[in-house]
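The sequence lines fix the lettering, A, B, ..., with proteins before strands; numbering per chain opens at 1. All values derive from a computational prediction rather than experimental measurement. The analysis underlying the following values was restricted to heavy atoms, covering all of them including side chains, and did not include hydrogens, waters or symmetry mates.
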Amino acid sequence: MTAGLLHTQRTHRRRRPWLWLGLPLAGGVLALALLASVAFGAAEIDAATVWRALTAFDGSTDHLIIRTLRVPRAIIGALVGAALSVAGAIMQGLTRNPLADPGVLGINTGAALAVVAAVFLFNIASLRAYALCAFAGAGLTALVVYGLGSFGRDGPTPLKLTIAGAAVTAFLSSITTGILLFNQRTLDEVRFWLAGSIAGRDLALLVQVLPYLAVGLSGAVLLGRQITTLALGDEVATGLGQRTAWIKAFAALLVVLLAGSAVAVAGPIGFVGLVIPHVVRFFVGMDYRWILPYAALSGAIFLVLADIAARLVLRPTELPVGVMTALIGGPFFVYLVRWRVRR
Amino acid sequence: MRAARHPWIVLRPRGLALSMRLDRRVPCVALALLLLTGALMVWSIGTGEYPIAPLDVLRTVLGLPTDNADYTFVVHALRLPRTLIAALVGMALAVSGAIMQGLTRNPLASPEITGVTAGAGFGAVTLIVLLPDSSIVTLPFAALAGALSVALLIYLFAWRHGDSPMRLILVGIGLASVLEALTSLMITFGEITQVQRALVWLTGSVYARSWSDVRAIAPWLAMLLPLAWLLARRLNALHLGEEVARGLGSHITLDRGLLLLTSIALAAAAVTVAGTIGFVGLMAPHIARRLVGPTHEGLLPVAALTGALIVVAADLVGRTLFAPVELPCGVVIAAVGAPFFAWVLYRGRA
């Protein structure tokens, strides 16, 4: 029954030089997006000043805005985008589920609940403490959803995983709301974080999760070949002499590292991990050695652009970027279901 | 286990173009559930900061004189409407879920998984946050509009060379996430007092519900529950699959549309007065199916009573567990419902 849900196996090979060329190109686009992100904002600051703030910092208000608000925001956006889409790509390859995404499978909600619970119970207020809680919550939820989704005879089918994710999301968000009801203080403190945003995060927070992110991203790129094989199915992978259990466990750890730290920094931002890997696969084919680096770059570009859009759409009000990604990603999810689910 | 000799009760009222085949277990089970729910409601009404003995509760509800004149106020103004709302909401959600599970032939379908509840929630939260001055009477329509448009979208998107139950559910999950994003947008930008009001409502609670809420939901149920029961036979046919239903002479599209509409309206009515209470629509039909088997003539009423029992019990537990702090019944049900869901997932071959 899963035939309809599997990846379309593209057997024809794309030419390698083209793919090698694409990477610096994507890097260039990312650089442009980052510059645009730094240049746009509530305060009008012209390009020359932006440039001077980066090269010859003089401590003026404009320069401070650039250095302490906009640059961290752009960098955090890029890293969070990269982490989420690589996590999504690994999840999709690993579970052979085109609908897999840290948001769809409930991991974001788990992290959110952990933060809300910690704020409520222990009065934590620093973003650093948010980070640790979110991390634990993400990991735990991933385990629960995977466990739930693999109940029964045929193991973790894509469908069961997705539905388990939806149910766990319903359950956890109901508890989150329950906690938020108890006191307005918690609600006021976390409601901006809950919507998923990269505004007002300081670089110190990023430095906290940077080791995890670095391990996650580089580990993912190293694991590209094994994930490609796993995406062909367990039997094939075992037949090719792969130790599937170990590789799966390792890849799952990478997912938790990536998704957990992304949620820790930016709150629950959904759908980046769903959309980007599909788009990337369309261009580079089925080889995860290519998919993963491209997903990292495209995810970064996507989130930075989505964040810019979130600032521009309802000016001067700023939308949380999580709402933007949901508005783009939700319809994409529906489209995937429409064309990939045949039963 | 079906008894060998008289497995069915057949109802064929003279003068009405109607015939019903009920599983033999239905009357007994229904009566038992009814008594149980009634007892629980009496217990629930008697419980609180101002305890009232069960017998006095009964006397007060029936309008008989009691020793204490305050009882009338406590029971009639405060606790009776709340308990009634709990029971009615449970019925609505359970029947809504039973219809959806029958239609999609999927044991996991229920108003909250398929996004219908999220649609109703979005409609109502939008009204609360954007138009805080609007009267409570308009809330049902906002919720219904939200639920209906979502259901319509789900149907449109899932339709491709005929519909597929699986696509319906997955599209529902996708749309629900978009709606949750929009709802959280409202929550992020709304004024904090309105936001809190919306949140109370989103969690699913029957706290401080009054007779005006009863009056808001009762007409809907009076209309929709009998309609659902009358359509039960067609639901049976559809539950057997499209080909069989067509072979049995059903107007598939019409029947399915009518049933879907009933199910959505029921969910919306429930959401309007009690917020988004999850998992009732999932659990109650399963329990009912265990009790009386899969034929919908019997399943629907039994599921309705089971749903009422679940919500009344959850409300009672939520009030007494951490008294004086109250847990919204939505949270209590979710705590029970999630493991139940796991069990369904485990047993089913979904």
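Interface residue A:F271: only side-chain heavy atoms are found under 4.5 Å from chain B. No part of A:P268 comes within reach of chain B, as not one of its non-hydrogen atoms sits under 4.5 angstrom from that chain. For B:L179, no part sits under 4.5 Å from any heavy atom of chain A, backbone or side chain.
The residue among A:A167, A:G103, A:A326 with the most heavy atom pairs within less than 4.5 Å of chain B is A:A167. When each of B:G337, B:A176, B:G330, B:G174 is checked for heavy-atom pairs under 4.5 Å with chain A, B:G174 comes out on top. Counting heavy-atom pairs under 4.5 Å between each of B:V178, B:L182, B:I333 and chain A puts B:V178 at the top.
Enclosure of atom OH in A:Y335 is not indicated, since only 12 or fewer non-hydrogen atoms of other residues, nucleotides or ligands lie within 6.0 angstrom.
Applying the salt bridge (charged side-chain N to carboxylate O under 4.0 Å, His left out) test to A:D101 and every residue at least two apart in sequence or in another chain returns nothing. Checked against side chain to side chain contact (heavy atoms under 4.5 Å, CB included), A:L69 has the following partners two or more places apart in sequence or in another chain: A:I65.
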